[in-house]
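For reference, the structure discussed in these notes is given below.
Below, chains carry the letters A, B, ... as their sequence lines are ordered, and counting in each starts from 1.
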Amino acid sequence: MPEGHTLHRLAHTLDRAFAGTTPRVTSPQGRFVAGAALLDGRACEGAQAWGKHLFVTFVGERILNVHLGLIGVFDVLRYAAGPGLAVPAPPAVGAVRMRLLTDEWVADLRGATVVEVVTPEQQAATLARLGPDPLRAGEPGQDPARSLAKLARTDRSIAELLMDQSVLAGVGNVYRCEVLHRHRVAPFTPGRLVKASTWLELWDDLVDLMPLGVAFGQIITLPEQVEEAQALLAPVRADGEAQASGEPAAYVVDWQGGAEGERGRGRGRSKRPAYEVVSPLPREYAVYKRTGEPCPRCGARVRSQVVAGRTLYWCGRCQRRR
DNA sequence: GTTTAATGGGTAT
DNA sequence: TACCCCTTAAACT
């Protein structure tokens, strides 16, 4: 279920699980056997995400590149309470393209559109094609002003531009619908008519919102939920130990929630292991997937339309073009 | 048992 | 704009 927040959370979890270890790398399903052999038995140096692209680096400049696409899933589970306990690894269920395994952690990848081993040069080429990532705001090159020149000379709609990863990296269909609604932006406004200030407001909002998505493992955009999520994070952010550890504070909730690693209620013959992310917040949105229902702000019916193969949702009244 | 939808994106037309 | 790839599970028959 991948927008940028999913990949950044995953990068962090994989980094915590495998950096500094030498995992076994296999392809139970058999479609990544050659690639897995290139990584098997090599020490893992770490994992990072840019937009929706995930990279796991191994010694010898071998980099695992994963893109989950629409339906890809990368399940990371701590199946043993500690290293060296000789707990049997869980069986690979379903179409597991690649498995990373230590005596403590297992990570199963399914359904991804891109799984390949790349060189640092190839990684750089991929990154060069990406626009700024709100989850990397403040880092060199991650500047929303970069996108303004593109906006100024295109008739493509703002809804389309938000999904263009070379304009903005990491936003997908849910974040685009919701952030446009939050700012009352008419989705079909051509890029050249979007004010620079509006673009920067959208960016700033995503910079605030997306870390909540990372921290809670779900997209949070309803104003009251954003407030609640920020309140839940506040004490964690203030935690001295977390600060000292150098971890991005927004990730810390995942320690306390024990998100990955808690076994949930299995449903019999499921093709995926059943562990659940524990989140205090129900999955609710203002407009996404709410066609015909009332806009939570003005009560008008939410509209939807397929745009270039993706369903766009918006409120016809408060996002009316002016 | 079969069809469909899902928070993506590439390539052909 | 259409079609293709990846996989699962819920919603249909």
Please tabulate the protein-to-nucleotide N/O contacts below 3.5 Å involving nucleotides 5-8 of chain C, giving atom names and distances.
residue, atom, partner, partner atom, Å
C/dC6, OP1, A/R31, NH1, 3.1
C/dC6, OP1, A/R31, NH2, 2.8
C/dC6, O3', A/R97, NH2, 3.0
C/dC6, O2, A/G111, O, 3.3
C/dT7, OP1, A/Q29, NE2, 2.2
C/dT7, OP2, A/R31, NH1, 3.2
C/dT8, OP1, A/A95, N, 2.9
C/dT8, OP1, A/R110, NE, 3.4

Pairs involving residues 113-150 of chain A, ordered by first then second residue, that meet ring-ring contact (aromatic ring centres under 6.0 Å, His included) (sequence neighbours left out): none
Salt bridge (Lys or Arg N to Asp or Glu O under 4.0 Å): which pairs involve residues 176-188 of chain A, sequence neighbours left out? A/R182-A/D205
Per the side-chain hydrogen bond (donor to acceptor under 3.5 Å, both in side chains) rule, what does the pair list look like for residues 299-310 of chain A, sequence neighbours excluded? A/T291-A/S304
When the distance from NZ of A/K289 to C1' of C/dA10 is rounded to whole Å, what number comes out? 11 Å
By side-chain hydrogen bond (donor to acceptor under 3.5 Å, both in side chains), A/T119 pairs with (sequence neighbours left out) A/E121, A/Q122
Same-atom distance (P) from C/dT13 to B/dA5, integer angstrom: 13 Å
Under the rule for ring-ring contact (aromatic ring centres under 6.0 Å, His included), what residues qualify as partners of A/Y79, not counting sequence neighbours? none
Sticking with atom P, work out how far C/dC4 lies from B/dT3, rounded to a whole angstrom. 16 Å
Using the ring-ring contact (aromatic ring centres under 6.0 Å, His included) rule, collect all pairs that involve residues 146-183 of chain A, keeping only residues at least two apart or in two chains. A/H5-A/Y175
Gap between atoms NE2 and P, on A/H67 and C/dC4 respectively (whole Å): 21 Å
Which residue pairs pass the salt bridge (Lys or Arg N to Asp or Glu O under 4.0 Å) test with at least one member in residues 124-147 of chain A, sequence neighbours excluded? A/R136-A/E139
Within residues 169-180 of chain A, find the residues that approach DNA chain B with a heavy atom at under 4.0 Å, and present them sorted by residue number. A/G172, A/N173, A/V174
Can you sort out which residues in residues 153-162 of chain A have a heavy atom within less than 4.0 Å of DNA chain C? Ascending by number, please. none
Show the atom names and distances, to 0.1 Å, of all donor-acceptor pairs under 3.5 Å that link a side chain in residues 32-43 of chain A to residues at least two apart or in another chain.
residue, atom, partner, partner atom, Å
A/D40, OD1, A/R24, NE, 2.9
A/D40, OD1, A/V25, N, 2.8
A/D40, OD2, A/R24, NH2, 2.9
A/R42, NE, A/L38, O, 3.2
A/R42, NH1, A/V59, O, 2.9

Can you list the residues that meet the side-chain hydrogen bond (donor to acceptor under 3.5 Å, both in side chains) rule with A/S166, with sequence neighbours excluded? A/K150, A/D164
